[in-house]
Amino acid sequence: MNHEVAITGLGVVAPHGDEPGALFQALLQSRSAIQPVFADLPKPAAAATVAFDETRWFTKLQLAGVDRVSQLAVAAADLAMRDAGLTASDADPERVGVFSGCGMGGAAALEAAYRGNGRVSPLTIPAFMPNAPAAHVAMRQGVQGPVLTYSVACASSSAAIAEAAKAVQRGEVDVAIAGGSEALIVPGVVVAWQAMQTLASFQPGEAAGAVRPFATDRSGFVLGEGAAFLILESAERARARGARSYATLAGWGLSSDATHLTKPDAPGQARALRAALRQAGLQPRDVGYCNAHGTATRIGDVVERNALAEVWGDDLDSLRVSSTKALHGHMLGAAGAIEALVTVLALHHRQLPPSANCREIDPDCRLNLVTQDDTAVPSLEAAVSNSFAFGGTNSVLLFRRA
Amino acid sequence: MSSLKELQDLIHEKYGIEPSKLDPHASMRETGGLDSLALAEFLFAIEDHFGITMPDEDANIDTLAELALLVDKVRAAKPA
């Protein structure tokens, strides 16, 4: 039988802090966490970084060979388990899984190896390997079922959540810890992203408003770091143990553009959107909110708008859209997870985070963007979260009110 | 010259383990909780601290006292 998939726990370690409610409030108020970083780089750089106290989660001894990307994952996953009211002993460890997204792995470990003048930590490899975050979450929570890492660039953690949902739906696991982490705000990676020509340009003192999704004056994104995890379990199991369910993960769609390594493709994105709707058994007009991929690149936002227009057709105006990347940055491998978490909270509270920094919408991005003074949606029943990756993989998660 | 005190200080600074909590003759793995990865990192830190190169063949050292003897030997052999 197919189980309905309930979201019973949320955990986040983000530039806006480690409390989902506070994060959501910050987004509702359009508070940006983006700040200048690395003043000594040739070109001005900005990022959304996490004020993280690793001693809350690790002893000094436990930190041996644990990169920041894994530290953030362990913390966010632990917060999600606590939020769900679960401890390791509440489930058969063999029937718990970790499904974790990560785009790069331990960037700080690699950077330190390169900058060590020949002195390279013997733990650089275990610190760097992209599946280390999932492995550390598994060790911390005593998870003995499938512990898997999905590295699909910007769709990593969205794809991880979709895969986790499949495992819960089919009854392969009772509990899935699903999400992702990314921590690559180090000079070597930031200059590489600058060279890619996708990062926002900004004037001195204006970093906080640098990311302007769907606006005429948009110029790209800013990197963010952080981790977010959702606890997925079957709706029956959640009811049986009296757990709160924030939302139901009713559909997911995975597709590939198969056209270009980095150029997004509206038909490919539309295929993922349609697949998610089909699985949920919903029509486009049933979905009231889209947390857009919305990276604020010149091309990306237009393509995403066209994909939404293709699927929603005459109902496009009934779909409210915002990209919260304007405020928390692009968290790459963790982006799908934090945006899924935000989408779940939007449904739960029936309130939408505004699309920040859009003074004038680009006519080519014509969408019903959420504005600061119009965030309440008392009739909201379903919402989607879009994640479209370099490499052409598109992942869409569709949530319904529990 | 024994390096034991310096090693105890280093293990305290690096891993927060008080000298009184780790008997120099007890297993660092079993008593100190240093797994093979932490030990590898500790040897690396020792090399940095003393400016020495630890020989590979003695990597199966188990107690702090044994480690101190080896560090003494390597330091003594180090050209001035």
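In what follows, chains carry the letters A, B, and so on, assigned in the order in which the sequence lines appear, proteins first and then strands, with residues in each chain numbered from 1. Please read all numbers here as calculations on a predicted model, not as lab measurements. Side chains included, hydrogens not; waters and symmetry mates left out as well; all remaining heavy atoms used.
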What closest approach, in Å, do B:A38 and A:L61 show between heavy atoms, and which atom pair accounts for it?
CB-CD1, 3.9 Å

Any salt bridge between B:E13 and A:K60, counting N to O under 4.0 Å?
no

Quick check on B:I11 against chain A: is it the side chain, the backbone, both or neither that has a heavy atom closer than 4.5 Å?
neither

Region of B:D35 in contact with chain A, defined by heavy-atom distances below 4.5 Å
neither

If you measure from OH on B:Y15 to CD on A:Q62, what distance do you get to the nearest 0.5 Å?
12.5 Å

